[in-house]
Asks: 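Would you mind keeping the following structure in view while I ask a few things?
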Amino acid sequence: MPVSPSGGVSSRLRPMGASGHAANDHASAHAHAHTPAHEHCPGLLLLICGPSGVGKTTIVHELIRRFGGLFSVSATTRQRSPQERDGIDYFFVDERTFQEWITEDRFLEHAQVFGRAWYGTPEAPVRAELAKGHLVVLDIDVQGADNVRKRIPEALAIFVLPPNEQELLKRLRARGREDEAAIERRFAESKLEIARAMQGHTFDAFVVNDTLPRATDEVSAIVAARLAKRG
Ligand code: ADP
Ligand code: 5GP
């Protein structure tokens with residue numbers, strides 16, 4: 001069943017290749033001000049970040065197949081592309097609705113990415129799955145990951161890198177989601193997002209998505225090691 005950002009939970013995945021994510025410069029991200037510094041959560045929260053087109057959705061699809069759990073569906077004010085489905089890839093909402101949800105404290109974190117559109121992680125479904133001890137995966141930008149880790153320090157954060165720039169460009173085109181100008185813009189933003197990730201201390205691991213089976217195995221091993229450590 002589709003998710004209601006106010007509380008429902010979806011076990012449906014975003015379809016492969018449907019949600020590429022670009023870099024985020026000049027983004028403003030926000031976490032709740034009243035949040036305690038440390039919040040206990042029995043499940044595992046996995047933050048998967050990386051440039052648009054690097055293969056995050058594809059890897060996460062396989063991770064959820066292996067480990068079960070929830071791929072969190074974000075809300076966004078950006079335009080839906082023809083391949084994307086409301087409630088599955090994103091909750092596509094207007095600016096006013098998004099601002100209302102901020103006021104109603106519905107987001108675990110939210111950010112304006114590249115000054116273009118707002119993105120936010122609905123908190124209730126994430127909390128519900130974590131409380132059940134499940135894996136929850138967020139595909140968010142670097143600032144969003146910084147803010148989530150401030151609230152949930154035990155979250156595992158992995159940044160996915162392309163093997164090289166030309167391959168990233170090729171994969172952006174392979175998604176067939178945008179026109180060439182948008183692809184070029186995302187490609188440029190990707191470089192900034194990678195630099196930001198490398199400079200910070202947010203990430204537990206950097207994984208190169210060279211071949212899909214190898215990268216998926218590496219991410220799975222990191223997740224399995226963390227789950228084993230937690231007992
Ligand atoms: P993201 O979610 O990071 O934007 P996607 O998962 O949508 O990226 O992948 C972008 C494109 O790259 C898709 O066409 C996908 O099939 C392809 N892809 C993903 N990983 C690999 C890989 N290791 N080698 C070749 N193509 C890949
Ligand atoms: P896209 O428009 O390509 O789907 O996503 C653009 C960027 O927004 C990507 O870096 C993606 O990871 C990020 N993003 C998607 N959902 C969220 C969210 O809920 N919060 C934050 N902070 N970033 C998000």
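What you are looking at is a predicted structure, and each value in this text was computed from that prediction instead of being measured. Hydrogens, waters and symmetry mates play no part in the numbers below; they use all other heavy atoms, side chains included. Each ligand, and each atom within it, is numbered from 1 in the order the structure gives.
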Asks: Flag Tyr119 as yes when one of its N or O atoms lies below 3.5 Å from any N or O atom of ligand 2, and as no otherwise.
Replies: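 By distance alone, the answer is yes.
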Asks: Under 4.0 Å from any heavy atom of Thr121, which atoms of ligand 2 are there?
Replies: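 By the 4.0 Å cutoff, the relevant atoms are 18 (C), 19 (O).
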Asks: Based purely on interatomic distance, does Ser52 place a nitrogen or oxygen under 3.5 Å from a nitrogen or oxygen of ligand 2?
Replies: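 Checking ligand 2 against Ser52, no N or O pair falls under 3.5 Å apart.
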Asks: Would you say Thr57 has any N or O atom under 3.5 Å from an N or O of ligand 1, going by distance alone?
Replies: yes
Asks: State whether Lys229 and Glu154 are salt-bridged, where the test is any N-O pair (Lys NZ or Arg NE/NH1/NH2 against Asp/Glu carboxylate O) under 4.0 Å.
Replies: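 Answer for the salt bridge query: no.
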Asks: Check for a donor-acceptor pair, side chain of Glu193 on one end and backbone N or O of Val142 on the other, with a separation under 3.5 Å.
Replies: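 Pair found, side chain donor or acceptor close to backbone of Val142.
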Asks: For ligand 1, which atoms sit closer than 4.0 Å to a heavy atom of Thr211?
Replies: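 Here the atoms of ligand 1 in question are 23 (N).
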Asks: Going by atom types only, do Glu62 and Thr216 share a side-chain donor-acceptor pair under 3.5 Å?
Replies: no
Asks: Taking all non-hydrogen atoms of both residues, which atom of Thr77 and which atom of Trp118 are closest, and how far apart?
Replies: OG1-N, 2.8 Å
Asks: So, Asn209 side chain and Leu161 main chain: donor-acceptor pair closer than 3.5 Å or not?
Replies: no
Asks: Please report the closest heavy-atom contact between Tyr90 and Tyr119, naming both atoms and the distance.
Replies: OH-CE2, 3.6 Å
Asks: With heavy-atom distances below 4.0 Å as the criterion, list the atoms of ligand 2 near Gly120.
Replies: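 Atoms satisfying the 4.0 Å criterion: 18 (C), 19 (O).
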Asks: Please work out whether any backbone atom (N, CA, C, O) or any side-chain heavy atom from C-beta onward of Glu109 is under 4.0 Å from ligand 2, and answer side chain, backbone, both or neither.
Replies: side chain
Asks: Below 3.5 angstrom, do we get any N/O pair linking Ser74 and ligand 2?
Replies: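 Ser74 vs ligand 2: N/O contact under 3.5 Å present.
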Asks: With heavy atoms of Arg186 as the reference, note each atom of ligand 2 found under 4.0 Å away.
Replies: 1 (P), 2 (O), 3 (O)
Asks: Suppose I only count heavy atoms of Asp139 and a 4.0 Å limit; which atoms of ligand 2 are within that range?
Replies: 12 (O), 14 (N), 15 (C), 16 (N), 17 (C)
Asks: Output all residues satisfying salt bridge (Lys or Arg N to Asp or Glu O under 4.0 Å) with Glu95, sequence neighbours left out; order by chain, then residue number.
Replies: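 None.
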Asks: Does Pro51 approach ligand 1 within less than 4.0 angstrom via side chain, backbone, both or neither, non-hydrogen atoms only?
Replies: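 The answer is the backbone of Pro51.
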Asks: Would you say Phe107 contacts ligand 2, with heavy atoms under 4.0 Å as the rule?
Replies: no
Asks: Can you sort out which atoms of ligand 2 are near Arg78, meaning under 4.0 Å from one of its heavy atoms?
Replies: 1 (P), 2 (O), 4 (O)
Asks: Numbering the atoms of ligand 1 from 1, which are under 4.0 Å from a heavy atom of Leu212?
Replies: 20 (N), 23 (N)
Asks: For residues Asp94 and Thr97, is any side-chain donor paired with an opposing acceptor at under 3.5 Å?
Replies: yes
Asks: For residues 157-168, which residue pairs pass the salt bridge (Lys or Arg N to Asp or Glu O under 4.0 Å) check, not counting sequence neighbours?
Replies: Glu165-Lys191, Glu167-Lys170, Glu167-Arg171
Asks: Between Lys170, Glu62, His61, Arg171, which one has a non-hydrogen atom sitting closest to atom 11 (C) of ligand 1?
Replies: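 The nearest heavy atom belongs to Arg171.
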Asks: Minimum heavy-atom separation for Val208 to Arg214, with atom names?
Replies: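 Smallest interatomic distance, heavy atoms only, reads O-NH2, 2.7 Å.
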Asks: Side chain, backbone, both or neither: which part of Arg177 has a heavy atom under 4.0 Å from ligand 2?
Replies: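 Side chain only.
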Asks: Report, in ascending order of atom number, the atoms of ligand 1 lying under 4.0 Å from any heavy atom of Asp210.
Replies: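 Answer, ordered by atom number: 22 (C), 23 (N), 24 (N).
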Asks: Working to the nearest 0.5 Å, report the span between CZ of Arg177 and CG of Leu172.
Replies: 9.0 Å
Asks: What do you reckon, does Glu84 have a nitrogen or oxygen under 3.5 Å from a nitrogen or oxygen of ligand 2?
Replies: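 Glu84 vs ligand 2: no N/O contact under 3.5 Å.
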Asks: Out of all atoms in ligand 1, which are within 4.0 Å of some heavy atom of Thr58? Include the element for each.
Replies: 5 (P), 6 (O), 9 (O), 15 (C), 19 (C)
Asks: Using every non-hydrogen atom in the two residues, find where Thr202 and Arg149 come nearest and quote the distance to one decimal.
Replies: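 Distance-wise, the nearest heavy atoms are O-NH1, 2.5 Å.
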Asks: Give the numbers and elements of all ligand 2 atoms closer than 4.0 Å to a heavy atom of Ala111.
Replies: 22 (N)
Asks: When you measure from the heavy atoms of Gly53 to every atom of ligand 1, does any distance fall below 4.0 Å?
Replies: yes
Asks: Treating Glu184 as the side-chain partner and Ala181 as the backbone partner, does any N or O pair qualify as donor plus acceptor under 3.5 Å?
Replies: no
